[in-house]
Every structure is written in C-alpha cells, then in structure tokens.
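Counting starts at 1 for both ligands and their atoms, following the listed order.
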Amino acid sequence: MSTAANNLGPTSSVVALCGGVGGAKLALGLNRLIGDRLTVVVNTGDDFEHLGLHISPDIDTVMYTLSGLSDLERGWGRADETWNFMASLEQLGGAAWFRLGDRDLAMHIERTRAMRGGASLTDFTSSMARKLGISATILPMSDHRVETVVDTDDGQLPFQEYFVRLQCKPVLKHLTFRNAASAVATPAVLQSLRDPDLAAVIVCPSNPYLSIDPILAVPGIRDALDKIAAPIIAVSPLIAGQAVKGPTAKIMAELGVPADSISIARHYPFLSGLVLDEADRKDAGKIDLPTHVTQTLMKSVDDRDRLAAACLEFASALATKE
Ligand code: FO1
C-alpha cells in the first residue's frame with residue numbers, strides 16, 4: 001500500500017461502485033493506494049445459476065483482480081487457467097458456451113455450497129476476500145437476487161445469454177433489473193455510504209447501463225448517494241467515443257444517446273465531478289460539472305495507481321471547494 005499521492009485523512013474511507021473488468025482495474029489502483037479504507041460495492045445483476053452453480057462474475061473479477069489472481073489478457077477468470085472440465089463437459093454434450101476454468105470452478109462450487117448452507121453472498125464474499133488476502137472490503141450490491149434482463153430485437157434475454165452467448169450482437173432496446181424493486185441494499189453497503197469519515201465515492205469506468213445502473217436500482221443506494229456530503233466522482237468509461245472493452249458505445253448508439261463523456265456526466269445526476277480522458281479534453285467545457293482531464297487508459301499497474309491517485313486528488317480538491 002502506497003501512502004503517497006492521496007490527501008486522505010488516516011481514518012477516511014472511500015467507496016467505489018464497480019462492475020467487472022474495467023471497473024476492477026481502477027479498484028485495484030485504489031486498493032493499492034488506500035488499502036483497507038476502500039470498500040468496493042459490486043454489481044450482481046450479471047449473477048446467474050449455471051450448471052447448478054451460483055456464478056457471480058463481477059464479484060469474482062474484482063476478487064481475482066485485487067488478489068493478483070486474474071487473467072490480465074481476458075480480464076475475467078484466473079491466470080494460469082486450464083480447461084479440462086470444459087473440454088470434458090463439451091465431450092459429454094454439456095453447455096460449453098459459458099467457460100468455467102478448472103481453477104475458477106472451485107470458487108463457484110464453494111459459493112454454491114456456502115449459500116445452500118445458508119450463507120449470504122455478502123458473508124461468502126467477505127470470507128473469500130479474507131482468504132485471498134484482499135485488504136479492501138468487497139460487497140455485493142444486495143443479498144437479494146436482482147437479475148439484469150435485456151430487451152433486444154431478438155426478444156428478452158437473460159444477461160449472460162446476451163453478453164456471452166450472443167456476444168452483445170442483438171440490438172438492445174431496454175434493460176430491466178428484475179426483482180430490484182423488492183430487493184434491499186445490505187446493511188454493510190448502506191453503512192459504507194453513511195460512514196461519517198467517507199471522503200469520496202468513485203463510480204468506476206464500468207458500463208453505466210449494464211454494470212452501474214443495477215447497483216443504483218437497488219432501493220436505498222440512490223437515496224444514500226443523494227445524502228452524501230463527500231464528493232461523488234465518476235471516471236468516464238469512454239475514450240474518444242469508444243469503450244476500452246465491451247459494448248458501452250454500441251449500447252449508447254442503440255439507445256439513441258451520443259457516445260461521449262457529456263452523456264456519461266448526464267447519466268449520473270448525483271455527480272460532483274467527472275474524470276475524462278485527454279482524448280476528450282474538448283468535451284470538458286461542455287460538461288456542467290467540475291472535470292479532471294487525464295489519461296484514463298489502464299494498461300499497466302502503474303496506470304491503475306496513477307488514475308486512482310488522480311481520482312483521490314480530484315475528490316479531495318472538490319471537497320475543499322464545498
Ligand atoms: N465472459 C465471456 O465473454 N465468456 C465466458 O465464457 C465467460 C465466462 C466467465 C466465467 C466466470 C466469470 O466470473 C466470468 C466469465 N465471463 C465470461 C465474464 C462475464 O460474463 C462478463 O465479463 C461479466 O458478466 C460482465 O461484467
């Protein structure tokens with residue numbers, strides 16, 4: 001953990017709202033800078049039951065990234081993975097469209113076993129994070145099952161059917177977060193957002209529609225954000241109109257929203273500031289919020305540290321102004 005490059009007080013906390021691959025990179029940078037003062041609230045709208053197992057892709061992506069176990073090339077799953085289980089499953093005619101690596105399989109089996117035994121997703125995640133040596137607190141957005149359902153020109157699709165099996169090819173018309181209205185935010189999530197020492201909330205550069213909106217749809221979370229005195233900043237997931245990875249720009253086009261950082265700022269009405277890429281400097285003046293322009297592409301670990309430090313400094317400058 002680095003002590004440089006952040007102006008946080010010794011007891012200040014930071015909450016990051018995060019989806020999978022892109023968001024986890026920034027969460028890693030934040031974790032390296034502020035250690036156990038970071039709480040990551042993670043999207044679980046992508047969770048589903050597959051082959052009888054409870055799969056929580058974004059939680060696992062964050063856990064593997066923060067523990068150094070993730071496959072850097074794919075972004076999801078574990079490094080040094082082998083695929084014997086998948087090969088055997090395919091040979092037997094089983095569902096091989098969603099790839100579960102041999103090492104990764106252990107996490108899904110343990111999660112399913114623990115949850116069948118009565119553990120909540122919050123309890124299981126915190127126990128795994130501890131076992132993997134992660135200092136940050138990783139929290140699912142809810143312990144209730146909220147399922148992202150995608151309305152497309154091919155009909156209504158469960159999230160992973162749309163995302164993995166059909167590779168986001170169908171045209172997206174609308175998103176539903178099934179069961180969100182009856183879900184509740186966990187006490188742990190609400191506590192993190194109501195911490196009197198909360199110094200900043202950072203919306204990671206995740207897909208706003210697929211990854212962050214499900215978190216905001218959980219009753220209690222949006223309310224808590226509206227009451228936060230600390231700055232809430234987002235990092236735009238777009239660079240020159242394109243997402244680094246994933247379908248953000250495609251979805252924005254399908255929803256009739258210009259794929260730029262101006263739209264990202266408008267998408268989150270509770271923001272105090274937006275971090276955007278140098279390639280989008282021209283948009284900064286058109287955003288009705290304080291902005292910070294920097295390099296947002298995170299290729300190396302240094303890039304993650306640098307962007308995390310820039311976010312903390314920006315939030316701290318905004319707090320001083322308030
Ligand atoms: N993404 C894929 O594109 N193909 C896969 O086969 C796949 C398997 C998979 C298994 C476990 C896991 O934790 C994630 C996995 N992902 C896979 C990633 C995941 O579907 C998406 O990245 C997220 O749901 C979107 O954030």
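For atom 6 (O) of ligand 1, the closest heavy atom belonging to the protein is R99 N, 2.8 Å. Nearest protein heavy-atom neighbour of atom 4 (N) of ligand 1: V164 CG1, 3.4 Å. Remark: minimum distance from atom 26 (O) of ligand 1 to any protein heavy atom is reached at D58 OD1, 2.8 Å. Given atom 19 (C) of ligand 1, the protein heavy atom at minimum distance is P57 CB, 3.9 Å. In terms of protein heavy-atom proximity, atom 9 (C) of ligand 1 is nearest to F98 CZ, 3.2 Å.
Ion pairing between D226 and R222 holds under the 4.0 Å rule for side-chain N and carboxylate O. Between D151 and K173 there is no salt bridge, since no side-chain nitrogen of the basic residue lies less than 4.0 Å from a carboxylate oxygen of the acidic one. Salt-bridge formation is detected for the pair R113/E110: a Lys NZ or Arg NE/NH1/NH2 atom is positioned less than 4.0 Å from an Asp or Glu carboxylate oxygen.
Counted by atom type alone, D195 and S192 present zero donor-acceptor pairs between their side chains at under 3.5 Å.
Note on ligand 1: D104 sits in its first shell, one or more heavy atoms being nearer than 4.0 Å.
Aromatic ring centroids of Y209 and H267 lie under 6.0 Å apart.
Below 4.0 Å from some heavy atom of D46 lie the following atoms of ligand 1, by number and element: 23 (C), 24 (O), 25 (C), 26 (O). Every atom of ligand 1 with a heavy atom of F159 under 4.0 Å away is listed here by number and element: 24 (O).
Among all heavy-atom pairs drawn from S263 and M252, the shortest one is CB-CE, 3.6 Å.
Using bins of under 30°, 30° to 60° and over 60° for the plane-to-plane angle, the ring pair H50/W97 lands in the perpendicular bin.
Between the choices W97, W76, F163, the shortest heavy-atom distance to atom 7 (C) of ligand 1 belongs to W76.
Residue contacts with ligand 1 for Q160 involve side-chain atoms from C-beta outward but no N, CA, C or O (heavy atoms, distance under 4.0 Å).
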